[in-house]
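Residue numbers run from 1 in the order of the sequence given. Ligands are counted one by one from 1 in listed order, and the atoms in each one are counted from 1 as well.
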Amino acid sequence: MTSDTNFIEFALGIKDSNLIFRGYFYKFIRLIKYRVYEFTLIYPDNVCPECHQRQLVKFGFSEVNTKFTADDASHPVILRIHKQRVRCKNCQHTQLAQSPIVQKYCHIANKVRNKVIMSLQDDRTLDCIANDNNISPSTVNRYLDQSRAIAPLIKQELPINMALDEFRGVNRQLHFICIDNDGNHKIQAILPDRYKRTIENYFLSFPLQERARVKTISMDLNSYYQEIARRLFPNAQIIIDRFHVVAMLTRAFNQYRAQVMKRFEKTSRNYRLLKFSWRLYLVSEEKLSNVNEYYDRHIRQRVTSNERVDLGLQVDERLMADYNVMQSIMTNLSHRDMDGLTDALYPSEQISPQMTIVIKTLRQNLEYVLNASQFKYSNGAMEGINRMIKQIQRTAFGFRNFDHMVYRIYYRQMAQKKNQVA
Ligand SMILES: [Zn+2]
């Protein structure tokens, strides 16, 4: 008997000296072939938990079926445990033996729960995890809810350097997200919406002393986060994200380029010059070649990438001016040249209306744009996290429950960190 018990302990990976192995068999339940291991669980001592008298007597057994983990989902495993019942002669209290492998009143072994919680870190659907463990999707969701304690959702501290952004989630709503812009870019908070009051209330839950520790806050330009940041974080420098500035410039440039292009016949050379190879305009000027010639089939001639850009820009004066402004801002940003950047924001040539608006916005936020060239922080890490969140939502076919989405995001981030360390 003992050697059998030892062997079963080894095979199933369970350890409980009160659990005595009795036998095994197959059983069909709703057309599924289950492997059943049968045990007796004896009551370990003789002390009544109610009155602490040593007057317990045996009082029969209760049969409990517990779902267990299986290496193969087509042959799920059940532990049929005969739990010994005892009765106190002193106070008449009856008590059922319990085992650490399964929680009281629960029909699913702790091992299954742990496995499910581990699976929640992966990029998998709820149904897939449920099927794999022979439990229902709602049980998986319940574990997700119960695992609050594991995911460090509520933080007592604010990061020294943070980044703010938003993303689309439950019901296509926008959620506010804040991350630590240092180290492993831990998510600080995800809020159910991005209303001013919600964000304020969140940050105001930290004392001023804590908020005063924040040194930089990265964000994108077209948001009202600036005002909140200025008011609530006395010592923080606001950083307008570099990539965001570049994106605004290239969008304006492309808009005007398309506008010029449409002035010409579709068969004309000018149309073709502007229509094709448009990516070259957005490449940093320093990366264009003066030497390497290639055959451009759209304009039917051999050019270097530098010549190709020039040919296109010569079509329209303002397009040329736009290009120069865009390039000079991009170069100065990447070289962290503050004086150069200030100069670039006051162009002498006439630029397109689209570019004028962008430049004006940048000038209004000059201080923060200059910060972008001064600090190493940007929203780069945030972009990565937003990509991860998108992927989780795609796998889950969207979320209906905000909490579930947030837990999955936290778990996924935890898993990714672990993989990076390993
Ligand atoms: Zn008792």
Ignoring hydrogens and geometry beyond distance, is a side-chain donor-acceptor pair present between Tyr225 and Asp220 at under 3.5 Å?
no
Are Glu383 and Arg387 within salt-bridge range, i.e. N to O under 4.0 Å?
no
I would like to know whether Lys67 and Asn134 meet side chain to side chain donor-acceptor pair (under 3.5 Å); could you show each step before the answer?
CA-CA 8 Å; Lys67 281 185 180 168; Asn134 271 296; over 6 Å; no
Between Asn161 and Thr216, do the side chains contain a donor N or O and an acceptor N or O under 3.5 Å apart?
yes
Would you say His93 reaches the Zn ion (ligand 1) with an N/O/S atom under 2.8 Å?
no
2.8 Å cut-off met by an N, O or S atom of Cys51 to the Zn ion (ligand 1)
yes
Where the Zn ion (ligand 1) is the corner point, what angle links SG of Cys88 with SG of Cys91, to 10°?
110°
